[in-house]
Amino acid sequence: MDPGPNQIKLKTNIADLFDNAKQANSYLKICAPMVRYSKLEFRTLVRNYGVDLCFTPMVMADSFCRSEKARQNEFSTNYNDTPVIAQFAAQTTYEYLSCAEMVFPYVDGVDLNCGCPQRWAVSTGYGCALLKDPQLLKDLTSTIRRNFPTNFSVSAKIRVQRPLDITIDLVRQLEKCGVTFITVHGRTPTQKIGEPSNVEYLAEIKKSISIPMVANGDVKTLDEANELYERTKCDGTMSARGILSNPTLFSGTNVPSVSCLQNWIDIVHANPNVTFQCFHHHLSFMMEKLLRRKQRIAFNQLSSKGQVHDFLEQHFGIVPDRSKTGETIVCEYDESKFRQRSTEHDIEAKRIEYNSGNNPGKFFESQLTSDDEGESDEDGVIFSNIFDT
């Protein structure tokens, strides 16, 4: 129920979610952070199909602090958008803390990305680069934990490393820092898509800690999620590529239903700020197994929402439900603490126009570079290829 425009958005206790699933001899089904793709509208869609917890896209912390344009582009929410965790790529405690303070009224927790293997991220100290600096990783997470209520989730997403003892030592240190849970991707930073996830590693990591662990990697069907749960005894399974292609994955269907396509076009119609690229790309992933080759080629050549609607009506008999409306919360962000911390860290704060969008930091760099890098893995990075035509 909408609590009204003047009321604070209700929060979900993420630790309680894990406890409730454990008591039911089950696990949380989680939609992964994906740049450009795990935004509000997609989170709204997948919650109709068995998803228990959603992440925002991976957001560059320095950009979120400095640029209103980056904030508006990368984060939106509504009163029904819970449970949700905001994921950030950060490398300084003052930026990460400032981001967490800004989004605190609107999310149920924050997560630190320590798993992105892309060259642009690693070369600039983000993502997997943090695995090589465990002290910084601990400083980042412990800083957030100290400054927020215990019922506000603090977590991190990492990849396994070899030898396994390195990863086990790291997750134990993070546990001591007070993280609510940890997400572990079963591939190493150098492994590519197609290489098998190290499920045995995940099982050993889970045995080494007492906090909840989410297993990530190679979850494309509910059967695979169930198998991963059984083999690792994890507390949650996370899907990125699988749920992007099939938002109904956790409900047990192997391909998206026509009703799923209908829900997506209704959600987008009710939220006109969704870009054509986002609208079209999601449908491209969803319909990969529903269209023949010639149909896929034709769909890829469409260039407007109107053309997409005509295509969907012709091939699936669906049209937008124009009676539905969308609503988002107007997020207001207090930058004063960030400005103060910036000055304390010898940054020329007076020369930065924080709200102008003229100093967006790594945000726009990441957008440009991720296109050049092509398809990546389940670590918050864009999948640039649509269909193999």
Side-chain angles (χ1 to χ4, degrees), residues 29-32 34-52 54-55 57 76 78 80-81 193 219-225 238-328 371 375 378 382-389:
K29 300 169 180 65
I30 303 171
C31 180
M34 295 173 283
V35 169
R36 298 184 185 175
Y37 292 131
S38 50
K39 293 189 177 182
L40 172 62
E41 293 75 25
F42 190 67
R43 300 196 298 268
T44 301
L45 178 67
V46 298
R47 285 196 173 102
N48 293 308
Y49 303 104
V51 168
D52 299 309
C54 291
F55 281 69
S76 60
N78 60 31
N80 296 316
D81 185 29
I193 291 178
V219 173
K220 302 182 184 66
T221 67
L222 180 59
D223 286 343
E224 290 177 347
M238 176 181 287
S239 178
R241 287 182 295 141
I243 204 167
L244 191 61
S245 297
N246 179 16
T248 67
L249 182 158
F250 285 121
S251 67
T253 58
N254 291 327
V255 293
S257 61
V258 172
S259 63
C260 177
L261 301 181
Q262 179 74 64
N263 282 337
W264 176 242
I265 66 170
D266 290 346
I267 290 169
V268 172
H269 178 75
N271 296 274
N273 291 330
V274 177
T275 65
F276 169 74
Q277 182 186 52
C278 177
F279 175 52
H280 184 251
H281 277 197
H282 272 295
L283 284 169
S284 298
F285 288 118
M286 293 180 205
M287 297 193 301
E288 183 171 7
K289 295 181 180 179
L290 301 177
L291 299 177
R292 296 188 296 273
R293 179 180 173 82
K294 288 184 179 181
Q295 293 173 326
R296 294 200 302 266
I297 293 173
F299 186 81
N300 282 349
Q301 295 173 345
L302 302 181
S303 58
S304 71
K305 289 183 180 179
Q307 290 177 346
V308 171
H309 289 154
D310 291 342
F311 183 96
L312 293 174
E313 183 175 8
Q314 176 185 353
H315 293 280
F316 298 98
I318 58 178
V319 296
D321 183 346
R322 302 184 185 280
S323 68
K324 295 184 178 181
T325 58
E327 181 179 333
T328 58
D371 283 339
E375 185 177 26
E378 297 104 316
I382 187 173
F383 302 88
S384 64
N385 61 320
I386 303 301
F387 288 133
D388 181 10
T389 57

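Residues passing the side-chain contact (heavy atoms from CB on, under 4.5 Å) test with Gln295, sequence neighbours excluded: Leu291, Arg292, Phe311, His315. Listed by chain and number, the residues in a side-chain contact (heavy atoms from CB on, under 4.5 Å) with Ser76 are Leu40 (sequence neighbours excluded). Residues satisfying the side-chain contact (heavy atoms from CB on, under 4.5 Å) test with Ile30, not counting sequence neighbours, are Leu28, Leu53, Phe55, Val214, Met238. Under the ring pair (Phe, Tyr, Trp, His ring centres under 6.0 Å) criterion, Phe316 pairs with no residue at all, not counting sequence neighbours. Remark: Ser304 pairs with Gln307 by the side-chain contact (heavy atoms from CB on, under 4.5 Å) rule, at least two apart or across chains. Among residues two or more places apart in sequence or in another chain, the side chain to side chain donor-acceptor pair (under 3.5 Å) test is passed with Asp310 by none. For the side chain to side chain donor-acceptor pair (under 3.5 Å) test, residues two or more places apart in sequence or in another chain that qualify with Asn263 are Tyr49. Scanning for ring pair (Phe, Tyr, Trp, His ring centres under 6.0 Å) contacts around His269 gives an empty result, with sequence neighbours left out.
Summarising the geometry, atom CG belonging to Leu45 is positioned 4.5 Å from atom CD1 belonging to Ile267; distances are rounded to the nearest 0.5 Å. Rounded to the nearest 0.5 Å, atoms CG (Leu283) and CG (Leu302) are 10.0 Å apart. Note that OG of Ser239 and CE of Met34 are 7.5 Å apart. Values are rounded to the nearest 0.5 Å. Interatomic distance, CG of Asn300 versus NE2 of His280, reported as 5.5 Å (0.5 Å rounding). Summarising the geometry, atom NE2 belonging to His281 is positioned 8.5 Å from atom CZ belonging to Arg36; distances are rounded to the nearest 0.5 Å. In this structure, the separation between NZ on Lys29 and CG on Leu249 is 10.5 Å, given to the nearest 0.5 Å.
Sorted by first and then second residue, the salt bridge (charged side-chain N to carboxylate O under 4.0 Å, His left out) pairs with a member in residues 247-272 read Asp266-Lys324; sequence neighbours excluded. Residue pairs meeting the salt bridge (charged side-chain N to carboxylate O under 4.0 Å, His left out) criterion with at least one member in residues 38-48, sequence neighbours excluded: Lys39-Glu74, Arg43-Asp81, Arg47-Asp81. The stretch residues 249-261 participates, sequence neighbours left out, in no salt bridge (charged side-chain N to carboxylate O under 4.0 Å, His left out) pair at all. Among residue pairs with one or both ends in residues 251-264, none qualify as salt bridge (charged side-chain N to carboxylate O under 4.0 Å, His left out); sequence neighbours excluded.
Between the Asn246 side chain and the Thr248 main chain, a donor and an acceptor come within less than 3.5 Å of each other. Proximity of a side-chain donor or acceptor of Thr275 to a complementary backbone N or O of Cys278 within less than 3.5 Å is detected. Without hydrogens or angle criteria, Thr253 side chain to Pro256 main chain gives no donor-acceptor distance under 3.5 Å.
Closest of all the heavy-atom pairs between Leu222 and Ser251 is CD2-C, 4.3 Å. The two residues Thr44 and Asn48 have their closest heavy-atom pair at O-ND2, 3.4 Å. Shortest non-hydrogen contact noted between Val51 and Ile243 is CG2-CD1, 3.6 Å. Closest non-hydrogen pair, Ala225 versus Val219, comes out as CB-CG1, 3.8 Å. Across all non-hydrogen atoms, the minimal contact from Cys260 to Met286 is SG-SD, 4.4 Å. When every heavy atom of Asp321 is checked against every heavy atom of Gln262, the shortest pair comes out as N-NE2, 4.1 Å.
His309 pairs with exactly one of Phe276, Trp264, Phe279 by the ring pair (Phe, Tyr, Trp, His ring centres under 6.0 Å) rule, that one being Phe279.
Ring-plane geometry between His282 and Tyr37 is classed as perpendicular, the angle between the planes exceeding 60 degrees on a 0 to 90 degree scale with a lower cut at 30.
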